[in-house]
Amino acid sequence: MSLDEYRRKRRFDSTPEPSGDKTSLHRRRSLVYVIQKHRASRLHYDLRLEWGGVLLSWAIPKGPSLDPSVKRLAMQVEDHPVEYAGFEGVIPPDEYGGGTVMVWDKGTWAPESEDVDVALQKGELKFTLHGRKLKGSWVLVRTRGFGRKAARSSWLLIKHRDRYASSKDITQSRPDSAITHRLLADIAREEGGDIAATASADPAAGKRRARRR
Ligand code: MN
């Protein structure tokens, strides 16, 4: 776990994202969980789980599903600094990941697997989410992707059966920011991003709401 790749990809004099210099390695009482909705070249949801002083990160093209029969592809990406969990705003278009970022869900998480490092190594991490939107038991399972690099980085995010399981599409029913309640187009408008590109990532009903504001 290291922030080298994260820092190598970014120019901190140009992007408003945190550099991670302030990331503390001391142990916290509870572990940070966040999902950021990110309209970059493509829309995706970034799941981040605090572990070992960084945020382990997976990019989920279709976002999470509450339906235990649905497996969502989650590509593991570079570790992010813990303070990234609070980042909502616009990354300049020429920068890595350029586009609009929303804190779609946040809270804490707890491992269900006995040894997280062993679970990550084995490719099956069971955990409980205590978010504003996502709750209950989940699993990340490493899967065979396409190509040599994908083989290590392709995972599936699956909801376990519990009282929080549902067939409701939570990405559509609760599209707004967990911290500011803005839609993606609102964030783009207020922070100098590409409104047209982000509006297509909000649900149709949400777009109407955003226009009225
Ligand atoms: Mn992203």
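Sequence positions, counted from 1, serve as the residue numbers for this chain. When a ligand or atom number is given, it counts from 1 through the structure's own listing order. Worth knowing before you read on, the calculation uses all heavy atoms, side chains too, and leaves out hydrogens, waters and symmetry mates.
Using a 4.5 Å cut-off between side-chain heavy atoms of Ile, Leu, Val, Met, Phe, Trp and Tyr, with links allowed through other members, Ile91 and Phe12 fall into the same hydrophobic cluster. Under a hydrophobic-cluster definition in which Ile, Leu, Val, Met, Phe, Trp and Tyr are linked whenever side-chain heavy atoms come within less than 4.5 Å, directly or via other members, Trp138 and Leu49 are assigned to the same cluster.
Using a 4.5 Å heavy-atom cutoff, the side chains of Asp186 and Thr180 are not in contact.
For Trp109, the ring-ring contact (aromatic ring centres under 6.0 Å, His included) test picks out no residue, with sequence neighbours left out.
For the salt bridge (charged side-chain N to carboxylate O under 4.0 Å, His left out) condition, the pairs that include at least one residue of residues 70-82, sequence neighbours left out, are Lys9-Glu78, Arg10-Glu78.
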Give the table of side-chain donor-acceptor pairs shorter than 3.5 Å for residues 124-132, with sequence neighbours excluded, one pair per line with atom names and distance.
unit_1	atom_1	unit_2	atom_2	d
Thr128	OG1	Glu112	OE2	2.6
Arg132	NH1	Ala178	O	2.6

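Near-neighbour remark for the Mn ion (ligand 1): protein N, O or S atoms under 2.8 Å are His38 ND1, His44 NE2, Asp46 OD2; waters not counted.
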